Asker: 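Below are the structure tokens for one structure; questions will follow.
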Amino acid sequence: MKEGFLIGGGLIIAGLALELSVGPIIWEAFSWPTNGMVLAGFLLMIAMMFLLRKKVYAFQFVGTYQAAIPAMVYAVVLTIIMGLIRQKVGGTWLNDMLSFWPFVLIYVYITVILGVIILRRVTHLSSWKRDLPFLLNHLGLFIALTTATLGNADMQRVKMICGVDEPEWRAMTTDGRIIEMPIAIELKKFIMETYDDGSPKRFASEIQIVTKTFKYIETTVDVNKPYEVDGWKIYQYGYDTQMGAQSQISIFELVSDPWLPWVYAGIYMMLAGAVCMFVIGGRKRA
């Protein structure tokens with residue numbers, strides 16, 4: 001355990017040194033195809049660590065609970081800190097934990113531990129009733145962690161302001177740049193329902209979407225009910241609050257996250273593993 005906590009502490013110190021010397025992680029530098037190459041290299045590194053585990057003590061240690069438990073302790077502490085402090089892109093160290101080197105290094109270390117443990121279990125399969133839930137849980141977590149981390153570089157989040165009967169192709173990025181989108185949105189009608197006191201109860205937009213292949217789609221976008229087209233989710237974000245129900249504009253947030261299906265696949269695998277554990281455990285008690 002002491003070695004495990006020393007390794008985790010060393011990663012924290014190394015992360016702080018990187019934070020001070022090169023600044024926070026710039027995820028945009030890992031956009032496709034760079035993140036694909038990083039993933040391939042990462043998987044190859046884990047495979048080599050597993051194959052050389054009997055020759056290199058450090059590689060053997062990574063696949064033990066003495067390494068996993070201290071790493072989880074560090075991860076839990078950092079995650080609690082992230083939950084207690086308001087997060088924002090471009091914030092200070094603890095205000096932008098997803099770009100904070102110590103946080104990322106600890107989670108990369110946990111993913112390495114997971115990878116080695118999974119390979120060890122795969123090479124020593126004994127009973128599917130015992131091994132299947134374990135593999136589903138651990139492999140699902142591994143997939144979710146790696147794809148959520150590397151996919152962060154390819155996620156795009158922009159805002160588009162659309163006027164009535166005015167097709168709009170342009171959107172604004174989080175850093176204020178104006179970019180041309182692969183889809184156009186034309187506001188047909190803004191809808192607002194209010195309570196008796198006049199406060200908004202519901203607001204939505206009837207829109208027409210035009211894709212690059214000139215496919216025309218008419219739909220209604222509600223708050224918390226986005227519409228998805230060509231990999232983009234369109235959310236109702238805002239409107240002209242001064243005009244209220246008479247607003248002639250709608251503000252939409254468009255989000256593209258091409259790695260998200262892989263994250264969901266990992267989560268569903270973990271859920272399937274939990275169900276398997278429940279079913280197998282119930283049969284044993286019966």
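What you see is a predicted model; the values in this text were computed from it and never measured.
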Asker: Any donor-acceptor pair under 3.5 Å linking the side chain of Ser247 with the backbone of Met243?
Answerer: no

Asker: Are any non-hydrogen side-chain atoms of Met49 and Leu52 less than 4.5 angstrom apart?
Answerer: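 Contact flag for Met49/Leu52 side chains = no.
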
Asker: Testing the basics here: between Arg53 and Phe59, what is the closest heavy-atom pair and its distance to 0.1 Å?
Answerer: CA-CB, 3.8 Å

Asker: Are Ile217 and Tyr227 packed together at the side-chain level, in the sense that at least one heavy-atom pair is separated by less than 4.5 angstrom?
Answerer: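 SC-SC contact between Ile217 and Tyr227 confirmed.
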
Asker: Given 3.5 Å as the limit, does a donor-acceptor pair link the side chain of Tyr216 with the main chain of Gln208, or not?
Answerer: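 No; zero donor-acceptor contacts below 3.5 Å.
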
Asker: If you round to the nearest 0.5 Å, how far is CD of Glu218 from CD1 of Ile209?
Answerer: 10.0 Å

Asker: Are any of the side-chain heavy atoms of Asn35 and Trp259 separated by less than 4.5 Å?
Answerer: yes

Asker: So, applying side-chain contact (heavy atoms from CB on, under 4.5 Å) with Met72, which one of Val77, Ile113, Ile110, Ile106 is it?
Answerer: Ile110

Asker: Set out, in order, the CA-CA distance, both residues' side-chain angles and the distance that settles salt bridge (charged side-chain N to carboxylate O under 4.0 Å, His left out) for Glu193 and Arg202, then state yes or no.
Answerer: CA-CA 5 Å; Glu193 299 175 4; Arg202 171 193 177 234; 3.2 Å; yes

Asker: Are side-chain heavy atoms of Met82 and Phe100 found at a separation under 4.5 Å?
Answerer: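 Met82 vs Phe100: side chains apart.
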
Asker: For Ala144 and Met270, which heavy atoms make the closest approach, and how far apart are they?
Answerer: CB-CE, 4.4 Å

Asker: Is the shortest side-chain heavy-atom distance between Ile161 and Glu168 below 4.5 Å?
Answerer: no

Asker: With rounding to the nearest 0.5 angstrom, report the NZ to CD distance, Lys225 to Gln236.
Answerer: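 Answer for the NZ-CD pair, Lys225 versus Gln236, is 13.0 Å.
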
Asker: Taking Gly151's backbone N and O only, do any of them form a donor-acceptor pair with Trp32's side chain (distance below 3.5 Å, no angle check)?
Answerer: no

Asker: Tell me the closest heavy-atom pair linking Asp197 and Ser199, and the distance in Å.
Answerer: OD1-OG, 2.7 Å

Asker: Whether the side chain of Thr149 engages the backbone of Thr146 through a donor-acceptor N/O pair (distance < 3.5 Å, no angle test) should be reported.
Answerer: no

Asker: Can you tell me if Trp93 uses its side chain to pair, donor with acceptor, with the backbone of Glu19 under 3.5 Å?
Answerer: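 No: the side chain of Trp93 does not pair with the backbone of Glu19.
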
Asker: Verify, without hydrogens or angle tests, whether Glu3 (side chain) and Gln66 (backbone) share a donor-acceptor contact under 3.5 angstrom.
Answerer: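 Between the backbone of Gln66 and the side chain of Glu3 there is no qualifying donor-acceptor contact (under 3.5 Å).
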
Asker: Anything under 30° is parallel, anything over 60° is perpendicular, the rest tilted; go ahead and classify Phe203 against Phe190.
Answerer: tilted

Asker: For residues Leu139 and Ile143, determine if any side-chain heavy atom of one lies less than 4.5 Å from a side-chain heavy atom of the other.
Answerer: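 Yes, side chains in contact.
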
Asker: To check you understand the geometry: which heavy-atom pair defines the closest contact between Leu94 and Met97, and what is its length?
Answerer: O-CG, 3.5 Å

Asker: Side chains of Ile46 and Phe50, heavy atoms from C-beta outward: is any pair under 4.5 Å?
Answerer: no

Asker: Given the rule that I, L, V, M, F, W and Y join up when any side-chain heavy atoms are under 4.5 Å apart, are Val38 and Leu105 in one cluster?
Answerer: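 Yes, Val38 and Leu105 fall within the same hydrophobic cluster.
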
Asker: Side chain of Asp165, backbone of Glu186: donor and acceptor closer than 3.5 Å?
Answerer: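 A pair under 3.5 Å: no.
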
Asker: Is there a side-chain contact between Val112 and Met45 (heavy atoms, below 4.5 Å)?
Answerer: yes

Asker: Has Tyr65 got a side-chain atom pairing as donor or acceptor with Met1's backbone, closer than 3.5 angstrom?
Answerer: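 Such a contact is absent between Tyr65 side chain and Met1 backbone.
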
Asker: Can a donor-acceptor pair be found, under 3.5 Å and without considering hydrogens, that links the side chain of Glu28 to the backbone of Asp154?
Answerer: no

Asker: Does anything in residues 131-147 form a salt bridge (Lys or Arg N to Asp or Glu O under 4.0 Å)? List the pairs, not counting sequence neighbours.
Answerer: Arg121-Asp131

Asker: Under 4.5 Å between side-chain heavy atoms, hopping through other hydrophobics if needed: is there a path connecting Val229 to Tyr235?
Answerer: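 Not linked; separate clusters.
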
Asker: Is there a path of hydrophobic side-chain contacts, each under 4.5 Å between heavy atoms, that joins Phe134 and Leu271?
Answerer: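 Shared cluster, yes.
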
Asker: Between Phe30 and Trp27, what is the ring plane arrangement, given parallel below 30°, perpendicular above 60°, and tilted in between?
Answerer: tilted

Asker: Which residues satisfy the ring pair (Phe, Tyr, Trp, His ring centres under 6.0 Å) test with Tyr107, sequence neighbours excluded?
Answerer: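 Only Phe103 meet the ring pair (Phe, Tyr, Trp, His ring centres under 6.0 Å) criterion with Tyr107.
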
Asker: Can a donor-acceptor pair be found, under 3.5 Å and without considering hydrogens, that links the side chain of Arg120 to the backbone of Ile117?
Answerer: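 No: the side chain of Arg120 does not pair with the backbone of Ile117.
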
Asker: Work out which heavy atom in Cys276 is nearest to a heavy atom in Leu136; give both atom names and the distance.
Answerer: SG-CD1, 4.0 Å

Asker: Are Leu187 and Val223 connected in a single hydrophobic cluster, I mean Ile/Leu/Val/Met/Phe/Trp/Tyr linked by side-chain heavy atoms less than 4.5 Å apart?
Answerer: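 No.
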
Asker: My understanding is that only one of Ile80, Val73, Leu78 makes a side-chain contact (heavy atoms from CB on, under 4.5 Å) with Val76; could you say which?
Answerer: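 Going through the options one by one, the only one that passes is Ile80.
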
